[in-house]
Amino acid sequence: MSANDDRDPLFRYDDPIFADERLLEITHLPGPDRIVGRDEQMQRVADALNPAIFGSEPNHLFIFGKTGTGKSLISRSVAKRVISEAKRDDVTVNYAFIDCGEQNTEASIVKTIAQLVNDPEQSGITVPDRGLGTGDYYKRLWQAVDRCTDVTIVILDEIDMLEDDEVLRKLSRAGENRRISDSSIGIIGISNKIDFPDHLSERVKSSLSRDELVFSPYDANQLVEILEKRRDAFHDGVLSGDVIPLTAALAAQEHGDARKAIDILRNAGRIAKKQNADRVTADHVRDAKEKTEADRFNELIEGSPQQAKAILYSLTILTENSTEKEFPTKIIYNQYKEVARRLGFDVLSERRVQEILQEQNFLNVIQSEREGRGRGRGAHAKHRLLENPVIVKKVLLRDSRLAPLEDDS
DNA sequence: CCTCCACCGGAACGAGGGGCGC
DNA sequence: GCGCCCCTCGTTCCGGTGGAGG
C-alpha cells in the first residue's frame with residue numbers, strides 16, 4: 001500500500017511484517033492503560049512520589065524484583081505522570097534515570113544526574129564529561145538542581161552495581177545539609193537482588209529512610225496480555241494464532257520475564273521478515289528464542305575485558321570436556337594459564353582471576369558458590385556457567401582477540 | 001587436639017589513558 | 001600547556017579461617 005512509484009527501487013518502503021517495530025523496543029514506554037497487572041505497585045510508587053506534586057520532598061523507595069517484571073517501566077511511567085501533574089500547579093519536577101551498570105562510580109553518577117537535570121540557559125553552568133573532581137561535580141549538581149527544578153526524582157536502575165554507596169548518603173542528605181535550599185531530591189533504587197540493602201554500609205542504612213516494594217514475576221496469562229497489548233506492532237493478521245501463547249509460555253519457563261517475551265516476539269518477526277515469509281509462525285518463535293538468549297548473553301559480556309573473556313573461555317572448555325558442571329578456582333586458573341599463553345595474553349595473577357570470576361558472578365554470567373562458611377580451607381569457591389557452553393563459546397569467539405582459539409577441539 | 005597451610009577477600013598502591021580548568 | 005582529576009586494569013601483601021593430617 002505504501003509502494004511509491006517515484007522512490008528509489010533499490011530500497012523497500014513497505015514492511016510486510018511490522019507496522020511499527022518501535023513498540024517492541026525495551027525503551028518504549030507504553031501508556032498507563034497498556035500496563036498489565038501492576039496496579040498495586042503503581043499505586044505504591046505513586047504514594048512515595050506524591051509529595052513531589054506539591055513541591056515537597058518525596059519518600060525514597062527501593063524496588064526489588066527479577067528482570068523483566070516491570071520495575072523500571074513502572075518507575076518511569078509514574079515519574080512522568082508526576083511531572084505532568086505537578087506542572088499544572090507550576091511545580092517543576094525532573095527525573096534522572098541512571099543505569100548503574102554503566103555509571104557505577106560516585107563521580108560518574110553525580111555527573112550524569114547533573115547533566116540530565118541541568119539546563120545551561122537557566123542555570124548558567126555547564127557540566128563537562130571529564131576533568132572535574134568529584135566534589136566539583138557535586139557542587140554543580142546542587143546548583144543545577146536548585147536553579148532548574150523544584151523536585152528531582154533520581155531513579156537508580158541496577159543499584160546493586162554501585163561500587164560506592166556514598167552517593168546515596170549524599171543525595172539523601174542534600175536537603176538537611178543545606179547543599180540545596182529551594183529544591184528536594186527523591187531516590188528510587190531498583191535492584192534484582194533482594195538482599196541488596198544488607199550490602200549497604202551502616203552510615204547509609206541509617207541515613208537513608210525508605211519504603212520497599214517487591215515485584216513478583218508475571219504469570220503466563222499476564223505475559224499473554226502484555227504481548228497482546230503490543231500486537232499492533234505487527235500488521236493485522238500477520239501473527240499466527242499460536243505465536244503469542246507460545247512466546248508467553250517460553251518466557252514463563254524460567255520466570256515471567258516480560259522483557260524476554262517481547263524480545264522473542266520481536267526477533268520472531270525479524271526472522272520471518274528475513275525469510276520473506278508473510279506470516280510469523282511458531283517455528284519463527286522457536287528460532288527467536290535461541291537468538292534472544294545468545295543476544296542477551298552477548299550483551300552481558302561484550303563489554304568485558306579480554307582477560308575476562310579468556311577466563312570464561314577456560315571455564316567453557318572445562319565444562320565441555322567434563323561431566324562436572326562446576327569447577328574450583330584453581331582448576332580454572334590452570335586452564336586459563338594455558339589459554340592465555342595460546343593467545344599471547346599476559347598471564348594474570350591468581351588473585352586477579354579470582355576477582356574477575358567474582359565480577360562475572362555478579363553479572364550473572366556465571367554462578368559461584370562457596371562451600372562451607374567463612375574463608376577457611378573448606379571454603380572452596382566453585383564456579384559454573386549459567387548458559388549453554390555452545391552458545392557461550394560462539395559468542396566469545398566473536399571477539400577477534402580470541403580468534404586464535406577457533407581451530408582446536 | 002593442635003598445627004599447618006590452602007584459599008578467600010580486604011587494602012593499598014600504581015601505571016597508563018583520557019580530558020578539562022585555569 | 002601544565003597540573004590535576006577520574007577510570008580501568010592490574011599487582012603485592014596480608015589477615016582470618018577451618019579442614020587435613022599428624
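Reminder, nothing fancy here: chain letters follow the sequence lines and each chain counts from 1. Please read all numbers here as calculations on a predicted model, not as lab measurements.
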Original post:
Does one side chain, of A:His383 or A:Thr329, offer a donor that lies under 3.5 Å from an acceptor on the other?
Top reply: yes
**OP:** Grab the CD-C1' distance between A:Gln307 and C:dT8 for me, whole Å please.
**Re:** 13 Å
Subject >> A:Lys111 NZ to B:dG18 P, straight-line distance once rounded to whole Å >> reply: 16 Å
Subject >> A:Arg140 CZ to C:dC6 C1', straight-line distance once rounded to whole Å >> reply: 15 Å
**OP:** Check the distance between C:dC6's C1' and A:Tyr138's OH and give it to me in whole angstrom.
**Re:** 14 Å
Original post:
Looking at residues 112-126 of chain A, who's got a heavy atom less than 4.0 Å off DNA chain C?
Top reply: none
Original post:
Any side-chain heavy atom of A:Thr67 within less than 4.5 Å of one from A:Asn364?
Top reply: no
**OP:** Round to a whole Å and report the spacing from CZ of A:Arg351 to P of C:dG15.
**Re:** 15 Å
**OP:** Using only side-chain N and O atoms of A:Thr329, determine if any of them is under 4.0 Å from OP1 or OP2 of B:dC8.
**Re:** yes
Original post:
Taking OP1 and OP2 of C:dC6, is either one under 4.0 Å from a side-chain nitrogen or oxygen of A:Thr134?
Top reply: yes
**OP:** Scan residues 146-161 of chain A for pairs that pass side-chain hydrogen bond (donor to acceptor under 3.5 Å, both in side chains), counting only residues two or more places apart or in two chains.
**Re:** A:Asp146-A:Ser181, A:Thr149-A:Thr152, A:Asp160-A:Ser191
Original post:
Looking at B:dG9, does its base get a donor-acceptor pair with the side chain of A:Gln354 below 3.5 Å?
Top reply: yes
**OP:** Please state how far atom CD1 in A:Ile311 lies from atom P in C:dC9, giving the value in whole angstrom units.
**Re:** 12 Å
Subject >> Atom-pair distance (CG on A:Asp136; C1' on C:dC5), nearest Å >> reply: 9 Å
Subject >> Interatomic distance where NE2 belongs to A:His380 and P belongs to B:dC5 [whole Å] >> reply: 16 Å
Which pairs would a plain distance check flag for residues 74-83 of chain A, meaning a side-chain donor or acceptor within less than 3.5 Å of a matching protein atom at least two apart in sequence or in another chain?
from    : atom 1 : to      : atom 2 : distance (Å)
A:Ser75 : OG     : A:Lys71 : O      : 2.7

